[in-house]
Amino acid sequence: MKIIQLDPSLTYRPEPENHQYRNYKDCPLLDRVKNTYTLMHTYQTVPFVKEKHAQWGSCTHRKMSVMEALNLLDNLVDESDPDVDFPNSFHAYQTAEGIRRIHPDKDWFQLVGLLHDIGKMMALDNEPQWSVVGDTFPVGCKFQQSIVFSDTTFQDNPDTKHPIYSTKYGIYKPNCGLENVLMSWGHDEYLYKVLTFNKCSIPEEGLYMIRFHSFYPWHTGGDYQHLYNDKDHRMLHWVKEFNKFDLYTKTEDLPDVELLRPYYQELIDKYCPGVLSW
């Protein structure tokens, strides 16, 4: 008899009639969400992204521990998220705990769940949310159809009229690899830069999850295959595995942060100890 192994993370996928995640058609928060994406798709251009790399990439803005940075998210509600309307710090613990239940042997993976959105702290430092949150996408080449609201929100982006940036490959070579692609600026790239700048010891798979977890047009939409390489193919499994927990652990049942904090502080001390440069 053939034994069928079920994906254990299906535990975190509610039935469709209970909740529809990533509903960009008629969710209660639609006006707020679409406004955020309209601004993002208008102003995220090649020059803008390069400017943000120069502004944030040197990690000279703050000195603080990872837990201090995480606590800042108590004050942030993601304006691009159609699913939840509570502070992002709760989502961090929800994601981490979901991963911990299914992957108890991978403490680095659990930590990635906790950390993945910390880069959103830029929004508390006068960075507009359209430059911090939401799905990411490559700039410097043609915008693909799988980008959220792509049919109505890019018309005022000057890169759509650029003779090179508006073409399929744009400024890139075929299968150049996502690590060589200039992504729209946001919390993914910023946190990746912080962790590598501070030489944190999170494995490469975890850093990849952090850097590309918001790149839905790739890991969920299946677009941009002409840009990714063999390494991206290998890492796609990890990004998809992370995405299950990032998305399906969002509920109004909020975790007891005070109870969980000591466990995750130990993981922080193991992989990202001390005071970091941000």
Side-chain angles (χ1 to χ4, degrees), residues 5-10 13 22 44 46 49-50 52-53 56-57 95 98-99 102-103 105-113 115-119 134-148 150 159 162 164-248 271-272:
Q5 292 185 328
L6 297 178
D7 181 351
S9 69
L10 289 174
R13 302 188 191 188
R22 289 178 61 81
Q44 288 267 7
V46 171
V49 171
K50 289 181 177 179
K52 292 303 169 183
H53 274 266
W56 291 96
T95 306
I99 294 169
I102 303 303
H103 297 282
D105 57 327
K106 294 181 176 63
D107 60 355
W108 61 268
F109 192 2
Q110 300 162 28
L111 182 61
V112 166
L115 302 184
H116 73 282
D117 278 345
I118 288 183
D135 295 3
T136 57
F137 51 89
V139 296
C141 63
K142 185 178 180 179
F143 302 122
Q144 300 293 307
Q145 285 297 309
S146 61
I147 300 174
V148 174
S150 62
D159 284 2
H162 191 281
I164 297 176
Y165 302 159
S166 60
T167 62
K168 178 179 179 178
Y169 288 99
I171 60 177
Y172 309 110
K173 295 180 179 179
N175 306 113
C176 61
L178 296 182
E179 292 175 306
N180 298 307
V181 170
L182 198 61
M183 301 294 296
S184 58
W185 182 253
H187 66 282
D188 298 36
E189 185 68 21
Y190 175 53
L191 181 59
Y192 171 79
K193 286 186 175 297
V194 168
L195 296 177
T196 54
F197 181 88
N198 289 280
K199 297 181 171 54
C200 297
S201 58
I202 293 173
E204 184 178 38
E205 293 85 353
L207 293 175
Y208 223 84
M209 295 172 188
I210 287 167
R211 193 176 192 183
F212 297 112
H213 72 271
S214 298
F215 189 11
Y216 274 85
W218 168 55
H219 63 67
T220 300
D223 271 339
Y224 296 100
Q225 295 187 34
H226 56 292
L227 296 182
Y228 59 86
N229 59 18
D230 289 342
K231 181 178 180 179
D232 301 319
H233 279 284
R234 295 195 307 272
M235 291 295 178
L236 181 58
H237 159 75
W238 286 105
V239 178
K240 282 180 171 290
E241 181 66 11
F242 172 80
N243 177 249
K244 298 171 187 176
F245 302 98
D246 185 19
L247 186 59
Y248 296 111
Y271 292 100
C272 310

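What you are looking at is a predicted structure, and each value in this text was computed from that prediction instead of being measured.
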Report the relative orientation of the aromatic rings in Y224 and H226; use parallel for angles under 30°, tilted for 30 to 60°, perpendicular for over 60°.
parallel
Going by the angle between their ring planes, with limits at 30° and 60°, are Y165 and H162 parallel, tilted or perpendicular?
parallel
Step-by-step side-chain contact (heavy atoms from CB on, under 4.5 Å) determination, Y216 to V148
CA-CA 9 Å; Y216 274 85; V148 174; over 6 Å; no
Take H213 and H187, measure what side-chain contact (heavy atoms from CB on, under 4.5 Å) needs, and give me the verdict at the end.
CA-CA 10 Å; H213 72 271; H187 66 282; 3.2 Å; yes
Taking side chain to side chain contact (heavy atoms under 4.5 Å, CB included) as the test, write out the residues that go with K106, two or more places apart.
H103, W108, F109, W238
Could you tell me which non-hydrogen atom of [X] sits nearest to which non-hydrogen atom of [Y], and how far apart they are?
X	Y	value
S184	D135	OG-O, 4.4 Å
Q44	V49	OE1-CG2, 3.4 Å
F245	E241	CD1-O, 3.2 Å
S214	G134	CB-O, 3.6 Å
T136	M183	OG1-CE, 3.7 Å
S146	G221	CB-CA, 4.2 Å

Please set out all donor-acceptor pairs under 3.5 angstrom arising from side-chain atoms of residues 202-211, sequence neighbours excluded.
from, atom 1, to, atom 2, distance (Å)
E204, OE2, K231, NZ, 2.4
Y208, OH, D232, OD1, 2.0
R211, NE, E189, OE1, 2.9
R211, NH2, E189, OE2, 3.2

A side-chain contact here means heavy atoms from C-beta on lying under 4.5 Å apart; do [X] and [Y] qualify?
X	Y	answer
W218	L178	yes
Y190	I118	no
Y271	S201	yes
T95	F242	yes
L195	C272	yes
V139	W185	no
Y172	V181	yes

If you measure from CG on N243 to CZ on F215, what distance do you get to the nearest 0.5 Å?
13.0 Å
If you measure from CD on E179 to CG on N229, what distance do you get to the nearest 0.5 Å?
7.5 Å
Tell me whether the count of non-hydrogen atoms from other residues, nucleotides or ligands lying under 6.0 Å of NZ in K193 goes above 12.
yes
Just by distance, with hydrogens left out, do D246 and H116 show a side-chain donor and acceptor under 3.5 Å apart?
yes
Under the 3.5 angstrom rule, does the side chain of N175 hit a backbone N or O of Y228 as a donor-acceptor pair?
yes
